[in-house]
Number of protein chains: 2
Amino acid sequence: MKLSTRSRYGTRMMLDLAQHYDEGPVQIRNVSKRENISVKYLEQLIIPLKKANFIKSVRGPKGGHMLAKPPEAITVGEIVRVLEGGINLSSCIENPEVCDRTSDCLTRGLWEEATKAMYKKLNSATLSKMINEGSNS
Amino acid sequence: MKLSTRSRYGTRMMLDLAQHYDEGPVQIRNVSKRENISVKYLEQLIIPLKKANFIKSVRGPKGGHMLAKPPEAITVGEIVRVLEGGINLSSCIENPEVCDRTSDCLTRGLWEEATKAMYKKLNSATLSKMINEGSNS
DNA sequence: TTTATACTATAGTCAAACGCTATAGATTAG
DNA sequence: CTAATCTATAGCGTTTGACTATAGTATAAA
């Protein structure tokens, strides 16, 4: 029931990139220092975020990473979905065939509704909103 | 991000008990057959649910288990909270001290809001509602 | 054209959690 | 007193999570 550190660290990295948007490529090394997260771990998180087109990278010296879209066009919901591999309270929501009781299951609908409620909140939070509203909003 | 089988099986057991409420003590053996969940595993789930006063048990021959309150007085949210050990997307919500960034964390508030949204849904579902509304409501 | 800097890819390690099973014991109706 | 039933605790095998290590590939700049 907990979000993985993947999602939490990934979101922090994306917020860090958002705070340095328009400053050119940001090196992982620096994100690592500021956020106190291992370089190797961040490198791993970047891969799926690039595939999802949220980050673009520049190789070689002076290279680095930057948001592929402006901070107001990326939501935390999207980030979590990419890093968590889908947000769902139960795998029977995506894959009804994992359970032979699907047809008459009393609980499935509820898990789905609860998932959606959470989802909605996360989707309403763009990176720029997060930065502007701050922590104690 | 998935609910554990503990919560899902536990909820199914509670729904089963609700469907046999007022029939006297129900034996785990029978719940096990109907729900296709191991007896030993169910026995384990009953313990915390008894402590939380959702189930009461009768020992000896003809003994068994039954809801400690009517089905309309128990919500799925309560069951999940007991079996999951709290529903929270991040442990920093219950225990701010796990992270030294709490004071200026941009994400904590969002995890909390999303948690509450999910929570609200689960709390609105009583066992009797679940049974009456069925699966395809 | 070399070299240092930075990103990329894949595999490995360690510990904790999960899902489940087994054993032994306590209680009580009949 | 005994069989049916619940109770408690410990164990076990697998999976997942959170990292870490190694061996690259690309490229700006000297």
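Quick note: numbers below take in every heavy atom, side chains included, and nothing from hydrogens, waters or symmetry partners. Residue numbers begin at 1 in each chain, while the letters A, B, ... track the order of the sequences.
- Atoms CE (B:M1) and C1' (D:dA18) sit 18 Å apart, rounded to a whole Å.
- Distance, B:Y41 OH to D:dC12 C1': 15 Å, rounded to whole Å.
- Note: CZ (A:R29) to P (C:dT5) measures 9 Å, nearest angstrom.
- With distances taken from any side-chain atom of A:T5 to the nucleotides C:dA6, C:dT21, D:dC19, the minimum falls on D:dC19.
- In this structure, of D:dT20, D:dT5, D:dC6, it is D:dT20 that holds the atom nearest to the side chain of A:K40.
- Under a hydrophobic clustering in which Ile, Leu, Val, Met, Phe, Trp and Tyr are joined whenever their side-chain heavy atoms come within less than 4.5 Å, directly or via other members, B:V39 and B:V31 fall into the same cluster.
- Rounded to an integer number of Å, the gap from CD of A:E43 to P of D:dT25 is 16 Å.
- In this structure a side-chain-to-backbone donor-acceptor pair under 3.5 Å is missing from A:S90 to A:I93.
- Within 3.5 Å, no donor on the side chain of B:Q44 pairs with an acceptor on the base of D:dT9, nor the reverse.
- Listed pair A:Y9 / D:dA18 fails the phosphate criterion, with no side-chain N or O lying under 4.0 Å from OP1 or OP2.
- For the OP1/OP2 pair of C:dA17 and a distance below 4.0 Å, the side-chain nitrogens and oxygens of B:S4 include no atom meeting the criterion.
- Comparing B:Q27 and A:R8, the nucleotide of DNA chain D nearest to each residue sits closer to the 5' end for B:Q27.
- For D:dT16, the base has no donor-acceptor partner in the side chain of B:K2 [N/O atoms by modelled type, under 3.5 angstrom].
- Defined by atom type and a distance below 3.5 Å, a donor-acceptor pair is missing between the side-chain atoms of A:Q19 and A:D16.
- Contacts between residues 45-70 of chain A and DNA chain D, defined by a heavy-atom separation below 4.0 Å, involve A:R59, A:G60, A:P61, listed by number.
- At the heavy-atom level, B:V39 lies nowhere under 4.0 Å from the strands shown.
- Separating the CG atom of A:L42 from the P atom of D:dA18 is a distance of 14 Å, rounded to the nearest angstrom.
- A:Y41 and A:T5 are linked by a side-chain donor-acceptor pair at a separation below 3.5 angstrom, with hydrogens and angles left out of the test.
- Side-chain contact of B:R81 with B:Y119: a donor-acceptor pair under 3.5 Å is present, judged by distance alone.
- The hydrophobic clustering, which links ILVMFWY residues whose side-chain heavy atoms are closer than 4.5 Å, places A:I131 and A:L67 together.
- A:L17 is not connected to A:M66 by any chain of hydrophobic side-chain contacts under 4.5 Å among Ile, Leu, Val, Met, Phe, Trp and Tyr, and they are in different clusters.
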